[in-house]
Amino acid sequence: MQPTFAGTAAQAVQARNRIRSHIYQTPLIPSRKNNDGSGTRLFFKAENFQLTGSFKLRGAMSKMSAQPSGGGSQRLITASSGNHGIGAACAAHALSKNLTVVLPETVVPAKLQNIQSYGVDVILHGTETGLAEQHAQKLAAAGEYTYISPYNDADIVAGQGTIGLEILEQCPQVDNIFISMGGGGLISGIGSVCKAFSPKTKIYGVSAINSMALAESMKAGRVVETEHLDTLAEAVAGGMDEDSITLPLASSVVDEVIECDEDSIVAALRAIAFEENMIVEGSAALALAGYTKMADKVAGQTNVVVLCGANFDWQRLTRLIFG
């Protein structure tokens, strides 16, 4: 049975009780530039300040805390472009789980080092996250491991939904939330919570034009294969499972999808750095790029941009921001 947004929201409430001692309730920071008396209010949900530098810790901790207690005897495997791997490694370390993380060969070196610092096993496979996922699933299907999806899992989605619970507590009257779209776990979780508890809040999904698996699948009404080009929003790049629960969930909670190119991501990275005094990764800047594209439409309203993470390649990012 496919999960509903109401059921997912209820699971998010339960997940929050399980994970609250293991995560940081991130702040909702008012924008320095866009709260100027015109009636438009902009806030940043700062998951870039999460303990592992990304929201992914929430979903991983939700999943692993819901697992039967088996200590290190149960061998778990997951796949990631980096951030989910870091969150899963941190959760496995905290909960004494035996974990292997499959990463694409193109993983950001800093993310690889971070994952390895938690003492988990690492396998490098493929040129993008979708191929790493397929390899992890193949190993699990052979009976060697229990697979944990980065997004296609009800407990993972519920964990990401705890962000929505915090946003509604921190700012009860939210008109619009802008969320980067990857495999769909983040937007499905937050969107489900908002549609259940604040149905007037609009959910804007922001997709990088260079990797649009979820956006194209939502258009088609089924999971479709898409071309994946290099993108600064590498944390949301890659394909999706054919049976992903996030497709029907996202389709039911996302009000509008915004497509952004690489130039707009660079502009958003610079805006966050120079105007907001924060440096984030490309997938977080993608959400701001989406807001910027819609700024005239949402003028006079209260808007939240979810900054999903800040685990980035320093050399590449500083070249882009500072030229």
Side-chain angles (χ1 to χ4, degrees), residues 2-5 8 55-56 59 79-84 104 106 126-137 149-153 156-157 160 176-192 194-195 202-266 268 281-294 297 305-306 308-309:
Q2 289 288 354
T4 63
F5 71 75
T8 299
F55 75 95
K56 290 285 192 176
S80 171
S81 62
N83 283 336
H84 170 71
T106 53
T127 56
E128 51 97 0
T129 309
L131 296 175
E133 287 179 17
Q134 291 172 19
H135 187 63
Q137 291 166 349
S149 172
Y151 56 88
N152 188 16
D153 185 284
I156 293 284
V157 174
Q160 321 308 20
N176 311 294
I177 302 179
F178 293 81
I179 307 165
S180 298
M181 297 200 317
L186 179 63
I187 198 162
S188 294
I190 296 176
S192 292
C194 288
K195 293 307 177 185
K202 285 191 174 182
I203 302 297
Y204 287 89
V206 191
S207 181
I209 286 176
N210 282 7
S211 190
M212 293 183 55
L214 180 55
E216 293 295 342
S217 296
M218 288 172 66
K219 290 178 186 176
R222 59 182 176 83
V223 174
V224 295
E225 291 290 331
T226 57
E227 184 179 18
H228 301 289
L229 304 176
D230 184 46
T231 175
L232 288 168
E234 42 81 26
V236 295
M240 297 173 62
D241 295 341
E242 287 188 10
D243 63 347
S244 181
I245 63 171
T246 57
L247 176 56
L249 270 177
S251 298
S252 68
V253 301
V254 174
D255 294 286
E256 188 170 342
V257 174
I258 309 161
E259 300 173 6
C260 292
D261 61 21
E262 296 300 294
D263 287 342
S264 65
I265 298 174
V266 172
E281 62 187 66
S283 55
L286 174 63
L288 178 59
Y291 166 78
T292 301
K293 200 168 182 178
M294 301 295 291
K297 180 177 178 179
V305 168
V306 178
C308 55

Closest non-hydrogen atom pair between [X] and [Y], with its separation:
{"X": "Ala79", "Y": "Pro150", "value": "O-CG, 2.9 Å"}
{"X": "Thr129", "Y": "Ser80", "value": "CG2-C, 3.8 Å"}
{"X": "Gly184", "Y": "Leu214", "value": "CA-CD2, 3.6 Å"}
{"X": "Val206", "Y": "Gly290", "value": "CG1-CA, 3.7 Å"}
{"X": "Pro3", "Y": "Thr8", "value": "CB-OG1, 3.9 Å"}

Mind checking side chain to side chain contact (heavy atoms under 4.5 Å, CB included) for [X] and listing every partner two or more places apart, or none if nothing turns up?
{"X": "Leu131", "answer": "Thr127, Glu128, Gln134"}
{"X": "Ala268", "answer": "Ala285, Leu288, Ala289"}
{"X": "Asp261", "answer": "Ile209, Asp263, Ser264"}

Problem - By salt bridge (Lys or Arg N to Asp or Glu O under 4.0 Å) - contacts of Glu133 (at least two apart) - result: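 Partners of Glu133 under the salt bridge (Lys or Arg N to Asp or Glu O under 4.0 Å) test: none.
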Side-chain donor-acceptor pairs under 3.5 Å in residues 215-223, sequence neighbours left out?
from, atom 1, to, atom 2, distance (Å)
Ser217, OG, Ala213, O, 2.7
Ser217, OG, Val224, N, 3.1
Lys219, NZ, Glu259, OE2, 3.0

Result block: side-chain N/O donor-acceptor pairs under 3.5 angstrom for residues 246-256, not counting sequence neighbours:
from, atom 1, to, atom 2, distance (Å)
Thr246, OG1, Gly183, O, 2.7
Thr246, OG1, Ser244, OG, 2.6
Ser251, OG, Leu247, O, 2.8
Ser252, OG, Pro248, O, 3.4
Ser252, OG, Leu249, O, 2.7
Asp255, OD1, Lys195, NZ, 3.4
Asp255, OD2, Lys195, NZ, 2.7
Asp255, OD2, Ile203, N, 2.7
Glu256, OE1, Lys297, NZ, 2.8

How would you list, by chain and number, every residue that makes a side chain to side chain donor-acceptor pair (under 3.5 Å) with [X], sequence neighbours excluded?
{"X": "Gln137", "answer": "Asp241"}
{"X": "Glu281", "answer": "Asn83, Ser283"}
{"X": "Thr292", "answer": "none"}
{"X": "Asn210", "answer": "none"}

Nearest 0.5 Å, what's the [atom1]-[atom2] distance between [X] and [Y]?
{"X": "Gln160", "Y": "Tyr151", "atom1": "CD", "atom2": "OH", "value": "13.0 Å"}
{"X": "Thr106", "Y": "Asp230", "atom1": "OG1", "atom2": "CG", "value": "8.5 Å"}
{"X": "Leu286", "Y": "Ser211", "atom1": "CG", "atom2": "OG", "value": "10.5 Å"}
{"X": "Ile156", "Y": "Leu186", "atom1": "CD1", "atom2": "CG", "value": "12.0 Å"}
{"X": "Thr226", "Y": "Met212", "atom1": "OG1", "atom2": "CE", "value": "8.5 Å"}
{"X": "Met240", "Y": "Ile245", "atom1": "CE", "atom2": "CD1", "value": "10.0 Å"}

Problem - Pairs flagged by ring-ring contact (aromatic ring centres under 6.0 Å, His included) wherever residues 202-253 is involved - sequence neighbours left out - result: Phe178-Tyr204
